[in-house]
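Below, read A as the first sequence line, B as the second, and so on, with proteins coming before strands; counting in each chain starts at 1.
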Number of protein chains: 2
Amino acid sequence: MLNYSTSEENYIKAIYHLQQQDGNVTTNELAAELKAKPASITDMMKKLKAKKLLHYEPYQGFSLSNEGKKVALGIIRRHRLWEYFLAEKLKFTWDEVHEVAEHLEHVSSKKLIDKLDEFLGFPRVDPHGDPIPDQDGKIETSRQVCLLDLPFNKAAVVSHVSDQSTEILELLKHKNIVIGTKLEVKKKFSFDNSMEVKAGRQPVFTISEQLAKNIFVKYGA
Amino acid sequence: MLNYSTSEENYIKAIYHLQQQDGNVTTNELAAELKAKPASITDMMKKLKAKKLLHYEPYQGFSLSNEGKKVALGIIRRHRLWEYFLAEKLKFTWDEVHEVAEHLEHVSSKKLIDKLDEFLGFPRVDPHGDPIPDQDGKIETSRQVCLLDLPFNKAAVVSHVSDQSTEILELLKHKNIVIGTKLEVKKKFSFDNSMEVKAGRQPVFTISEQLAKNIFVKYGA
DNA sequence: AAATATTTTTAGACAAATCTAAATTATTAT
DNA sequence: ATAATAATTTAGATTTGTCTAAAAATATTT
């Protein structure tokens, strides 16, 4: 495995996360994610294509190659192991770990990470509940959880609905939700446990606690 | 405390180490230390001077300002805490820790480092026996050790000689060693525990086990 | 399907960090 | 003290990663 610059790694990681949701990633999407200008994205896409880390044809969007996915999973492994370390050993709170891990993840010694993994007792999920890839880049994909428990901004696919009543189906139909619909939780309100959810590029809409209780979703890395 | 680039940090750290020995550091010395070309050194010295991290006049060499020293001690603190972590917790051997710590030291979250320090139990020296600066940049300077125990390439000053015989003085005089002489151990031979030592810019010379046993030195960071 | 709007790419500029080669300053040796 | 040598700096080029503004391609609307 070659070494990549911090910049390259950040692009690869961002593409990985975006393509979990959309399959094919666009220039503007990635620019928004990385808070960079579209022109910068195009520049880097050419570079990453030349390194065979992604598939890219001008104007057609892009997606990681198998090699690119392997690199991404390595970065995610480092990130999540550091998050676990920070929370578990250094007693950071869950909302503090991400930023520091963003920096630690770019220290790319394989030995360091494998020894850290061992030291931590081979944890399977990070403090946010996201699965940690193993040495070979294998990751526990598709974890089914109740929509109530889905972390924010985590793309997930509706995989199961508990209640089979016509009433719930009427509601789901009205909200355009079927098995296979991609969702992302944007906000939760503790007052009534309702949540705001986004499906694809539709505007955000609200789901009540009673409804969320009955929806189960699968999500990956 | 502002943030500095990885490059800037590496220059600052190298100057700090060199000036422990020589006081004033020259362009070529630093170029050799960093494996860079002299022209690159000059460029960076201008930048660091502009940031008030060092004293520098063209052709006159340079040395860290108080602010520069504070920055250097912060980097050294991070480096040595990570070395301790790697050796103590991840079971790296003492010769493996340095390279990885070279990368980890540039992650500059103060909270991370202070929590790491606490997690490690506030260790006072790293696996090489070098003292670890505290939160305020205070470092245990001047540790007196037997020359036999002085680490390689660690500039030290002769502070005490046990034996008072005329024989040892004759030998010391011949080798030009007095209290205050700066030394650095370059090689040790397990066959007879003799060592090769450098004093200033004189050529390397040999000291026997019997002699080294009787020489004590003080050294800093 | 033409006009308009949006997205993406290209062209050219810039800052950081490095280099080479040439010019300058300092040091050393005769 | 002057010439030769060594050290240092300057000038200009290169690479990486970013940007702005303009051009080109695609998508949308009427």
Asks: Please report the distance, rounded to the nearest Å, between CG in Leu30(B) and P in dT18(C).
Replies: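 Spelled out: CG on Leu30(B) to P on dT18(C) is 11 Å.
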Asks: So is Lys89(B) actually on top of Phe119(B)'s ring, under 6.0 Å and inside 45° of the axis?
Replies: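 Verdict for Phe119(B): a cation-pi partner in Lys89(B).
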Asks: Which of the following nucleotides, dT8(C), dT8(D), dC19(D), is nearest to the side chain of Asn28(B)?
Replies: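 Selected nucleotide (nearest to the side chain): dT8(D).
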Asks: Would you call Glu83(B) and Val100(B) a side-chain contact if the rule is heavy atoms closer than 4.5 Å?
Replies: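 Not in contact.
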Asks: Treat primed atoms plus P, OP1 and OP2 as sugar-phosphate and everything else as base, then score nucleotides 9-17 of chain C 5' to 3': B for base contact with protein heavy atoms under 4.0 Å, S for sugar-phosphate contact only, - for none.
Replies: BB-----SS
Asks: CG of Leu48(A) versus P of dT18(D): gap in Å, rounded?
Replies: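 Spelled out: CG on Leu48(A) to P on dT18(D) is 11 Å.
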Asks: If I take atom CD1 in residue Ile12(A) and atom P in nucleotide dG17(D), what distance separates them, rounded to the nearest angstrom?
Replies: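 In whole Å, dG17(D) P lies 11 Å from Ile12(A) CD1.
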Asks: Quick one: does NZ or CZ of Lys175(B) land under 6.0 Å from the six-membered ring centre of Phe205(B), within 45 degrees of the ring axis?
Replies: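 That pair does not qualify as a cation-pi contact.
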Asks: Both Thr26(B) and Lys35(A) contact DNA chain D. Taking the nearest nucleotide for each, which residue is further toward the 5' end?
Replies: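 The residue closer to the strand's 5' end, by nearest nucleotide, is Thr26(B).
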Asks: What class does the angle between the rings of Tyr56(B) and Phe62(B) fall in, given that below 30° is parallel, 30 to 60° is tilted and above 60° is perpendicular?
Replies: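 Ring orientation, 0 to 90° scale: perpendicular.
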Asks: With respect to the phosphate group of dG17(D), does any side-chain polar atom (N or O) of Ser40(A) fall under 4.0 Å of OP1 or OP2?
Replies: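 So the side chain of Ser40(A) is outside the cut-off, no N or O lying under 4.0 Å from OP1 or OP2 of dG17(D).
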Asks: Using whole Å, report how far CD of Glu29(B) lies from C1' of dT8(D).
Replies: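 From Glu29(B) CD to dT8(D) C1': 13 Å.
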Asks: I'd like to know if Lys182(B) pairs up with Glu184(B) as an ion pair, taking the criterion as any Lys NZ or Arg NE/NH1/NH2 lying under 4.0 Å from an Asp or Glu carboxylate oxygen.
Replies: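 Result for this pair is no, no salt bridge flagged.
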Asks: Would you call Arg77(A) and Asp134(A) a salt bridge, taking side-chain N to carboxylate O under 4.0 Å as the test?
Replies: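 Between Asp134(A) and Arg77(A) there is no salt bridge, as every charged N stays at least 4.0 Å from the carboxylate O atoms.
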Asks: Leu34(A) has an atom CG; how far is it from atom P of dT8(C), in whole Å?
Replies: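 The distance from CG of Leu34(A) to P of dT8(C) comes to 14 Å, rounded to the nearest Å.
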